[in-house]
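Written out below as structure tokens is the structure these notes cover.
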Protein chains: 2
Amino acid sequence: MAHSHDDHAGHDHVWAADLTRNQALVLGALAHADTPLSAYQLLDQLRAEGLRAPLQVYRALEKLVERGLAHRLESLNAFVACADEHCHRTGLIAFAICSTCGKVDEFADTIIEDRLGAWSEGQGFTVERTTMEIRGTCGSCAAS
Amino acid sequence: MAHSHDDHAGHDHVWAADLTRNQALVLGALAHADTPLSAYQLLDQLRAEGLRAPLQVYRALEKLVERGLAHRLESLNAFVACADEHCHRTGLIAFAICSTCGKVDEFADTIIEDRLGAWSEGQGFTVERTTMEIRGTCGSCAAS
DNA sequence: TGCGATATGTAATAACATAACAAATCGCGC
DNA sequence: GCGCGATTTGTTATGTTATTACATATCGCA
């Protein structure tokens, strides 16, 4: 179900895409969070909207991740909304996760992508997806 | 407790390190497996040796991973023994995981490491550890 | 209208991981 | 060898994350 929002234009066409109600609820919750949320945290937040079972959340997440609108952070078992810039990127995305404040920075690096591509080609390995997560302390937290 | 072993020389100094019984059992099981094993799979395999509770396995794994003798694959919630070559590497290690046969290839790439280092420095982000896992189909499986 | 594909709801259960506490063992100075 | 702190172990219980199975509803479209 399409929903109103106040994001800037770059996001609109994405939000307008035909998300189902549950998908929109989950993506909305992720977009308003400033740290990753686990499926069960999402469920708790969305009980007020009528969600009752983990599966409702997992199913929504599955579609959102599939479409690149959300990402799963494997090292956290949690999810984030995709940052605007990369919404339509097909390539590799890396995440820097601050252990102190929990915030996540999403970035892309074509050289890394190329290196992985080269390795894969050399090995005859066909890449389906890549997980790249760095854990540590972000600049602001280090400053404090 | 130190334990006797019959492994070949290249491995010995590592195995000879003072592993406790549980650690040695877990590392042994991982070393003999040709795919990653989950903590519960390890537990099942090691019940014959007297292990009874998940925590016994998790504790052993924690130490092994800490010492770089085993690695946790975040995208699988499973563990592998470290491949010989990198046992003493301090740097970033990447894993290529075949979705078909389950085998895992471990490799290092200093350029990727440098790129991540550069990004981190630019952001003031202090890296503690990095997860890098590529999922796909390995050469032999693609050939079949 | 009817039909296949997709999405939903619900309950039950599987799989992964940790907390809390007691007991045993190890390393080591004496 | 004795004692003591640090580490490892054993055990129970519980918490967290994810999926299976099945019934129902809705959507897109001929």
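The shown structure was predicted, so the numbers you read here are calculated from the model rather than taken from an experiment. Proteins get letters first, then strands, A, B, ... in listed order; numbering begins at 1 in each.
When the side-chain contact (heavy atoms from CB on, under 4.5 Å) test is applied to B:S38, the partners found at least two apart in sequence or on another chain are B:Y40, B:Q41. Legend: residues meeting side-chain contact (heavy atoms from CB on, under 4.5 Å) with A:A33, ordered by chain and number and at least two apart, are A:L37. With sequence neighbours left out, A:D44 forms a salt bridge (charged side-chain N to carboxylate O under 4.0 Å, His left out) with A:R47. Evaluation of the salt bridge (charged side-chain N to carboxylate O under 4.0 Å, His left out) rule for B:R135 yields no partner, not counting sequence neighbours. For the side chain to side chain donor-acceptor pair (under 3.5 Å) test, no residue two or more places apart in sequence or in another chain qualifies with B:Q56. For the salt bridge (charged side-chain N to carboxylate O under 4.0 Å, His left out) test, no residue two or more places apart in sequence or in another chain qualifies with B:R59. Every residue meeting the side-chain contact (heavy atoms from CB on, under 4.5 Å) condition with A:E128, not counting sequence neighbours, appears here in chain and number order: B:S99, B:T137.
Counting to the nearest Å, the P atom of C:dT8 and the CG atom of A:L19 are 10 Å from each other.
OP1 and OP2 of C:dG9 both lie 4.0 Å or more from every side-chain N or O belonging to A:R52.
The ring-ring contact (aromatic ring centres under 6.0 Å, His included) contacts involving residues 41-69 of chain A comprise nothing, where partners must be two or more places apart or lie in separate chains. Identified under the ring-ring contact (aromatic ring centres under 6.0 Å, His included) test for residues 124-144 of chain A, with sequence neighbours left out: none.
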Find every protein N or O atom lying less than 3.5 Å from an N or O atom of nucleotides 4-7 of chain C, and list the pairs.
residue : atom : partner : partner atom : Å
C:dA7   : OP2  : A:K63   : NZ           : 3.4

Tell me, for nucleotides 17-23 of chain D in 5' to 3' order, what letter each nucleotide earns: B for a base near a protein heavy atom under 4.0 Å, S for only sugar-phosphate near one, - for neither?
BBBBB--
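Across its full length, the helix from C:dT1-D:dA30 to C:dC30-D:dG1 shows an angle of 30° between the axes of its 5 terminal pairs at either end, rounded to 10 degrees.
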